[in-house]
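Since the structure comes first, as structure tokens, the remarks are kept for the end.
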Amino acid sequence: MPVPLYQAKAELFKTLGHPLRIRVLELLCEGPKQVRELLTAIEVEAPNLSQQLGVLRRAGLVTARRDGTTVVYELAGADVSEMMRAARRILTELLADQHELLAELEQTT
């Protein structure tokens, strides 16, 4: 029996529910990165990064390729980058609304 679309979406969002995975995706939006570049940018232990990269790879959000002894990761497609931009837009709007509400509350006190 196929998985319902809503369940597949929930699994995707569950995959995105870890701050380190989000940071990796943000960095990969800039372009392909070697593992050592990711380690430098994120300042996390190698085994932890490796585990999170594996989760992203299994979910189909990133791909990995070997370049000699180096592993290079990149986003699996432009849609992943668009999803990250959409998340930023949504958060920006939510925070702007909250800022407006806060300003309104401050004026009434």
Side-chain angles (χ1 to χ4, degrees):
M1 174 177 245
V3 174
L5 181 57
Y6 64 86
Q7 187 174 344
K9 286 180 182 179
E11 288 299 319
L12 171 64
F13 287 119
K14 191 167 150 185
T15 298
L16 296 172
H18 193 288
L20 181 53
R21 292 183 210 139
I22 295 297
R23 184 65 184 129
V24 167
L25 292 174
E26 288 174 342
L27 290 168
L28 294 179
C29 282
E30 300 169 2
K33 300 266 187 281
Q34 296 177 357
V35 172
R36 72 169 178 247
E37 292 175 291
L38 293 170
L39 282 169
T40 300
I42 300 173
E43 296 181 4
V44 65
E45 297 294 323
N48 193 3
L49 177 61
S50 178
Q51 178 184 21
Q52 302 309 323
L53 286 167
V55 170
L56 291 170
R57 195 175 60 246
R58 285 187 297 279
L61 296 173
V62 301
T63 60
R65 64 178 162 78
R66 283 207 172 272
D67 186 9
T69 59
T70 304
V71 179
V72 178
Y73 281 87
E74 61 186 311
L75 297 178
D79 288 343
V80 178
S81 182
E82 178 55 33
M83 177 180 62
M84 297 303 291
R85 284 193 300 274
R88 180 177 292 269
R89 285 191 306 269
I90 291 166
L91 286 172
T92 300
E93 289 174 16
L94 289 173
L95 292 173
D97 289 345
Q98 289 177 5
H99 179 56
E100 290 172 12
L101 178 60
L102 178 61
E104 189 177 318
L105 286 171
E106 288 173 343
Q107 289 176 354
T108 60
T109 57

Nearest-0.5 Å distance, OG of residue Ser50 to CG of residue Leu38: 11.0 Å
Under the rule for side-chain hydrogen bond (donor to acceptor under 3.5 Å, both in side chains), what residues qualify as partners of Gln34, not counting sequence neighbours? Arg36
Residues which pass side-chain contact (heavy atoms from CB on, under 4.5 Å) with Ile22, listed by chain and number, not counting sequence neighbours: Leu16, Glu26, Met84
For Pro4, check side-chain contact (heavy atoms from CB on, under 4.5 Å) against everything at least two apart and list the hits. Tyr6, Gln7
May I have all residue pairs that pass salt bridge (Lys or Arg N to Asp or Glu O under 4.0 Å) and include part of residues 53-68, sequence neighbours excluded? Arg65-Glu74
Do Val71 and Leu28 sit in one hydrophobic cluster, given that two such residues count as connected whenever their side-chain heavy atoms are within less than 4.5 Å of each other, even indirectly? yes
Output all residues satisfying side-chain hydrogen bond (donor to acceptor under 3.5 Å, both in side chains) with Thr70, sequence neighbours left out; order by chain, then residue number. none
Following the transitive rule for hydrophobic clusters with a side-chain heavy-atom cut-off under 4.5 Å over Ile, Leu, Val, Met, Phe, Trp and Tyr, establish whether Leu56 and Val35 coincide in one cluster. yes
Before you tell me yes or no, could you show the steps for Val24 and Leu49 under side chain to side chain contact (heavy atoms under 4.5 Å, CB included), namely the whole-Å CA-CA distance, both residues' side-chain angles and the distance that decides it to 0.1 Å? CA-CA 9 Å; Val24 167; Leu49 177 61; 3.7 Å; yes
Any salt bridge (Lys or Arg N to Asp or Glu O under 4.0 Å) involving residues 77-94? Give me the pairs, sequence neighbours left out, ordered by first then second residue. Glu82-Arg85, Glu82-Arg89
For Ala59, which residues count as a side-chain contact (heavy atoms from CB on, under 4.5 Å) partner, sequence neighbours excluded? Thr15, Leu61
hydrophobic_cluster_shared for Val55 and Leu53, side chain cutoff 4.5 Å: no
If you group Ile, Leu, Val, Met, Phe, Trp and Tyr by side-chain heavy-atom gaps below 4.5 Å, do Val80 and Phe13 land in one group? yes
Quick one: side-chain hydrogen bond (donor to acceptor under 3.5 Å, both in side chains) partners of Glu11, sequence neighbours excluded? none
Tell me, please, which residues at least two apart from Asn48 pass side-chain contact (heavy atoms from CB on, under 4.5 Å). Leu20, Val44, Gln51, Gln52
Tell me the closest heavy-atom pair linking Ala8 and Val3, and the distance in Å. N-CG1, 3.9 Å
Minimum heavy-atom separation for Ala41 to Leu27, with atom names? CB-CD1, 3.7 Å
Locate the shortest heavy-atom distance separating Ala76 from Gly60; write the atom from each residue and the value. CB-O, 3.1 Å
